[in-house]
Amino acid sequence: MAKIKKLSAETIRKIAAGEVVERPASIVKELVENSLDAAANQITVSIKNGGIDYLEVSDNGEGIAAEDLLAAIDLHATSKLKTIEDLEDIFTFGFRGEALASINAAASLEIITATANGEANRLFEADTKSKIEPAGRNQGTTVIVRDLFRKIPARRKFMKAAHTEELNIRNLIKQLAIKHHQIELHYIVDSKEVYSLKPASKSDRIVKLISTLKAEDLISLDSEVDGIKISGYVCHPRVAQKRPTQYIYINGRNVKANIIIAAVKRAYSNKIPPELNPYLFLELTIDPKSIDVNVHPRKEEVKFSDESKLFKVVLNAVENTLNEHMRLEFTKRFTADSTSQYTPTKPSPIASKQKSYSAPNVQTAIDFSAGLLRDSGNSDYIGRNSFDFGASQNGQNNKNSNYYQIFDTYILMTKGDALLIIDQHAADERVKYEKFKTQYTSGNIEKTPLLMPIEIDLPGNVDKTHLLALITALEKVGLTASISENKVTFDHIPTLIMQKLNIGNLLTEILTELEQEQIDFSQLEKRFDRVIATLACHSSIRAGDKLEPEKINKLITDLWQCQDPYTCPHGRPIVTEISRQELEKKFLRIK
Ligand code: ADP
Ligand code: MG
């Protein structure tokens, strides 16, 4: 007897059904997408016992005509795709004609539907005799699914508790509701209405459905480069979380797209600590011919023909949007009452060298300091005296006209009605990082020749290929060396790190840090942001360094010119603020 037998059509049907109809949430997804494909603008999802006992999706879409009703539940019967060529230009959600047939193979299915001409029908016992009878209904379709997996008991075992299934459905509804914010949506769980959503703007929907977010935490993004259109929202770095909501849609379809998540993560890498991630609500429109949506049975993944291009486009779009936002926010908060007409512009790579750009910035800083003096002089509470107190009581405080250094670590200053506390190391790190970055991108490297070249023996305890890759990369910022068998001879160093430095130690430290971050040294060019972040860190003012007044002045002026003066390149905050109101509360002047 032959061992290999063909499975019966019925078994094949059930296996396929299991792939499409994995759990209640996947059914809801298919049904809501059918409603959207049918141009509905009101959709109600109603479930009982996590959708396992009962699940209903009702819409006001175009309905299904009587003559199509039986075909609708046939496997591979669809009104949306006619030829294989159409596969490349899919803009509807469904196209494989699998959902209703698969649901019908797994559960008991009932459809009540009415078209524009008023003809209404009910299809029930769909799997056996497929009865159709006239019914009463306004235009639209209601699909009811009962006793999920009654027909496939093996599958039922994999179902989680009703509570978990409900959470899955709820997350799906959130995701669909944010994407289709212009559609009225109701979600009813065990006869209780959980969401009742009227048409709204996308940001309103996000704020309504994601309770941890406020409108001001959302940063809108809009870009179109190389035929890739990106729109939607990213979030302010301050609200980043370990596991935030991240919705990505490609040509309208919600997908898992690791390449996009990775690009966004990179864009945030100098703004948030590595263990945190940003909220994302991004829609990408890409030429359908350059992606394949037909690689996953539930269409949850897509394949891109050019991943590295996509990565770059997303990285740049998010990075530019974030920097612009941070710059604008900073200007608004801290220089609002400045007389300067400074308006943030995208600095050109050599911006800091152009008078037209740097002049208004310097002006801002000067106005800013002048404003401080006035503020301090007129202030009852944050006056000069309060700081003098600190200075005279504590010998280590370093005071100049505008700024105060405390604990040899923080710089205090007032601005308007706020006390600002600045972390000197983080601030200098940011300044150096941005300067290195500008010099690197513009190729305008400021380096200083060494009268006495520095010779170091290749340290024995480091990976030599890594070290050589690093030294080669560092040439891009002015650290040039010739390498012989066991020695490296440096003849130029970046002007930015002119202070006394043990170059050997610096290299070893940078190397160790990059190795810990598991950076691919053969691709060091691609991770140059990390190289210079680390270089900036190791060549910056440290906590504990006593600073001369001129040095503090320069640091603050430079900081205010940064694109992102809020966070150091490793994502730690630079500035923290205590408002006058908070102080007055502490001293019980106000409640
Ligand atoms: P697909 O969506 O891939 O075409 P489905 O099995 O989900 O396959 O649906 C089969 C067909 O039934 C659809 O092509 C559509 O013509 C019709 N249909 C399903 N749901 C609805 C609905 N809510 N409103 C109108 N027509 C629908
Ligand atoms: Mg469908």
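Start at 1 and go down the list; that is how both ligands and their atoms are numbered. All figures in this text were calculated on a predicted structure; none of them were measured in a lab.
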What part of [X], side chain from CB on, backbone N/CA/C/O, both or neither, has a heavy atom under 4.0 Å from ligand 1?
X	result
Val143	neither
Ala38	side chain
Thr141	side chain

Contact (N/O only, under 3.5 Å) between [X] and ligand 1:
X	answer
Asn34	yes
Glu62	no
Leu31	no

Are any of the side-chain nitrogens in Arg430 or Asp564 under 4.0 Å away from the carboxylate oxygens of its partner?
yes
Should the pair Glu166-Lys192 be classified as a salt bridge under the 4.0 Å nitrogen-to-oxygen rule?
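Between Lys192 and Glu166 there is no salt bridge, as every charged N stays at least 4.0 Å from the carboxylate O atoms.
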Interatomic spacing from CG in Asp190 to OG in Ser46 - rounded to 0.5 Å
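One gets 8.5 Å once the value is rounded to the nearest 0.5 Å.
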Quick one: CD on Glu307 to CD1 on Ile260, what's the gap to the nearest 0.5 Å?
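Rounded to the nearest 0.5 Å, the CD-CD1 separation comes out at 9.5 Å.
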Looking only at non-hydrogen atoms, the one of Leu69, Thr142, Asp37, Ile64 nearest atom 17 (C) of ligand 1 is Ile64
Work out whether the distance between some heavy atom of Gly63 and some atom of ligand 1 is less than 4.0 Å.
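Judged by the 4.0 Å heavy-atom criterion, Gly63 does count as contacting ligand 1.
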Indicate yes or no: at least one non-hydrogen side-chain atom of Gln246 is less than 4.5 angstrom from one of Pro278.
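In short, these two side chains touch, coming nearer than 4.5 Å.
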Assign the ring pair His236 / His325 to parallel, tilted or perpendicular, where the plane angle (0 to 90°) is split at 30° and 60°.
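The arrangement is perpendicular - the two ring planes meet at more than 60°.
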